[in-house]
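By convention in this document, chain letters (A, B, ...) are assigned in the order of the sequence lines, proteins followed by strands, and residues within each chain are numbered from 1.
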There are 2 protein chains.
Amino acid sequence: MNTSEKISDSAHNHADCINAALRQAESLCQSKGVRLTKLRRQVFELIWQSHNPLGAYALMDLLEQNSERKRVAPPTVYRALDFLLEQGLIHKVHSLNAFVGCSHPKREHSDALFICLNCGFTEEVPSNSIQQAINLSASQNRFTVKEKVLEICGLCSKCKGASL
Amino acid sequence: MNTSEKISDSAHNHADCINAALRQAESLCQSKGVRLTKLRRQVFELIWQSHNPLGAYALMDLLEQNSERKRVAPPTVYRALDFLLEQGLIHKVHSLNAFVGCSHPKREHSDALFICLNCGFTEEVPSNSIQQAINLSASQNRFTVKEKVLEICGLCSKCKGASL
DNA sequence: GGCAATTATGTTATCATATAACATAATTTG
DNA sequence: CAAATTATGTTATATGATAACATAATTGCC
């Protein structure tokens with residue numbers, strides 16, 4: 001993957017986006033009575049600062065660089081990630097072993113993730129028709145759905161024209 | 001995951017199923033002019049003998065037990081897996097870091113995998129409506145699809161009633 | 001068949017991802 | 001403030017995957 005340049009949407013103010021996500025996360029944690037501690041908030045912010053999925057070890061590097069904190073060990077960051085996953089604030093991207101912010105943590109989230117193989121940009125796209133089709137297929141197979149992993153890998157609109 | 005008992009479909013003769021898969025794999029490799037070597041065949045058979053996804057290291061254990069071969073090193077088994085993936089004879093289950101036989105290697109395979117979290121049974125289910133819904137969503141987002149990871153985790157019909 | 005080229009496998013080391021087990025620190029609750 | 005709970009720190013290790021190079025098997029050509 002080309003990691004030299006992060007391609008950002010010109011219509012997208014990323015600082016606002018992160019702040020909005022953070023405020024939403026805070027209110028959501030408050031309403032659930034769970035604690036968005038300093039570490040968890042830092043991990044959450046770092047994940048949101050990248051619109052691209054971040055691996056746990058990359059996250060450890062960033063934590064070390066972007067905070068007064070000394071390097072944390074893997075269990076520390078994984079516990080923060082587990083918390084954020086449980087609260088539905090981030091998603092795990094299984095095909096990349098990485099984590100990405102959830103763009104609508106309040107909804108029942110079972111969207112498709114579109115992942116650009118060139119720039120890494122990852123977008124969560126809701127689609128009722130995808131969900132309905134899966135639910136239909138599940139019921140036809142008498143299958144009780146617990147979790148859906150829907151990762152569509154390819155090229156985003158920005159990258160498909162660009163020289164690869 | 002409960003690994004104590006493999007739940008098998010009573011209407012499913014597994015030996016026949018494996019043999020059919022193997023014959024199909026052989027003819028497919030022949031027609032493509034690629035070599036289904038002894039190692040690759042053994043890996044393929046072991047994956048098919050389990051209807052459940054198998055990890056690479058579990059596969060190394062099984063290879064050691066079920067063949068006269070001494071224990072192979074990781075690169076050996078991963079190369080065999082890469083070959084089988086390239087030929088479309090198996091799938092990688094990303095949410096489990098494991099591999100499962102492809103039930104229709106001749107088709108363009110972009111099916112949903114239904115994975116039972118209790119017994120591990122994994123089934124490849126084709127669904128035009130899922131594919132169409134994804135393709136529509138992709139085109140609406142000007143996204144060029146290269147690969148789809150569709151893993152639906154939950155409880156199969158056998159396990160949903162059973163005591164968990 | 002014999003030799004060169006190609007393809008496949010073996011071997012060693014190492015990287016990458018993730019968790020177990022236990023210790024300490026911070027926060028909440030009564 | 002003390003006890004209980006929750007969160008984080010620490011060490012070691014499990015699990016998954018690949019790089020780099022060596023050897024062996026197969027294929028294709030003369």
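The phosphate of D/dG9 has OP1 or OP2 within less than 4.0 Å of a side-chain N or O from A/T76. For B/N97, a side-chain nitrogen or oxygen approaches OP1 or OP2 of D/dA17 to under 4.0 Å. A/R40 has a side-chain polar atom (N or O) that falls below the 4.0 Å cut-off from OP1 or OP2 of D/dA7. Considering only side-chain N and O atoms, A/K70 lies nowhere under 4.0 angstrom from the phosphate OP1 or OP2 of D/dT8.
Rounded to whole Å, the distance from NZ on A/K38 to P on D/dT8 is 12 Å. Rounded to an integer number of Å, the gap from A/H94 NE2 to C/dA16 P is 21 Å. Look at CD on A/Q30: it is 16 Å from P on C/dT27, rounded to the nearest Å. The interatomic distance linking B/D61 (CG) with D/dG16 (C1') rounds to 13 Å, in whole Å. Going from atom CG of A/D82 over to atom P of D/dT8 covers 12 Å, rounded to whole Å. Between B/F99 atom CZ and D/dG16 atom P the separation is 10 Å, expressed in whole Å. Going from atom CG of B/L96 over to atom C1' of D/dA17 covers 17 Å, rounded to whole Å. The nearest whole Å value for the distance from the OH atom in B/Y78 to the P atom in D/dA20 is 18 Å.
Within a 6.0 Å sphere centred on CD of B/Q30, other residues, nucleotides and ligands contribute 12 heavy atoms or fewer. Shown here is B/D16, whose CG atom has more than 12 heavy atoms of other residues, nucleotides or ligands within 6.0 Å.
The nearest heavy atom of DNA chain C to B/V34 and to B/P75 marks one nucleotide each, and the one closer to the 5' end goes with B/V34. Of the two residues contacting DNA chain D, namely B/K92 and A/A80, the nearest-nucleotide position lying further toward the 5' end is that of A/A80.
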Salt bridge (Lys or Arg N to Asp or Glu O under 4.0 Å) for B/R23 and B/E45? Distances and angles first, verdict last. CA-CA 11 Å; B/R23 278 196 301 272; B/E45 284 176 338; over 6 Å; no

Please walk me through it: do B/K148 and B/D111 pass salt bridge (Lys or Arg N to Asp or Glu O under 4.0 Å)? CA-CA 8 Å; B/K148 298 168 203 167; B/D111 300 342; over 6 Å; no

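As judged by a 4.0 angstrom heavy-atom cut-off over every strand, B/T37 is placed among residues touching the sugar-phosphate backbone only. Backbone-only engagement by B/R69 is indicated by non-hydrogen atom pairs under 4.0 Å involving sugar-phosphate atoms exclusively.
One donor-acceptor pair, N or O on each side, does fall under 3.5 Å between the base of D/dG9 and the side chain of A/R79. Taking 3.5 Å as the limit, the base of D/dA14 and the side chain of B/Y57 contain no donor-acceptor pair of atoms between them.
The backbone N or O of B/C119 lies less than 3.5 Å from a partner atom in the side chain of B/N52, making a donor-acceptor pair.
Among the nucleotides D/dT8, D/dT11, C/dG10, the one closest to any side-chain atom of B/V72 is C/dG10.
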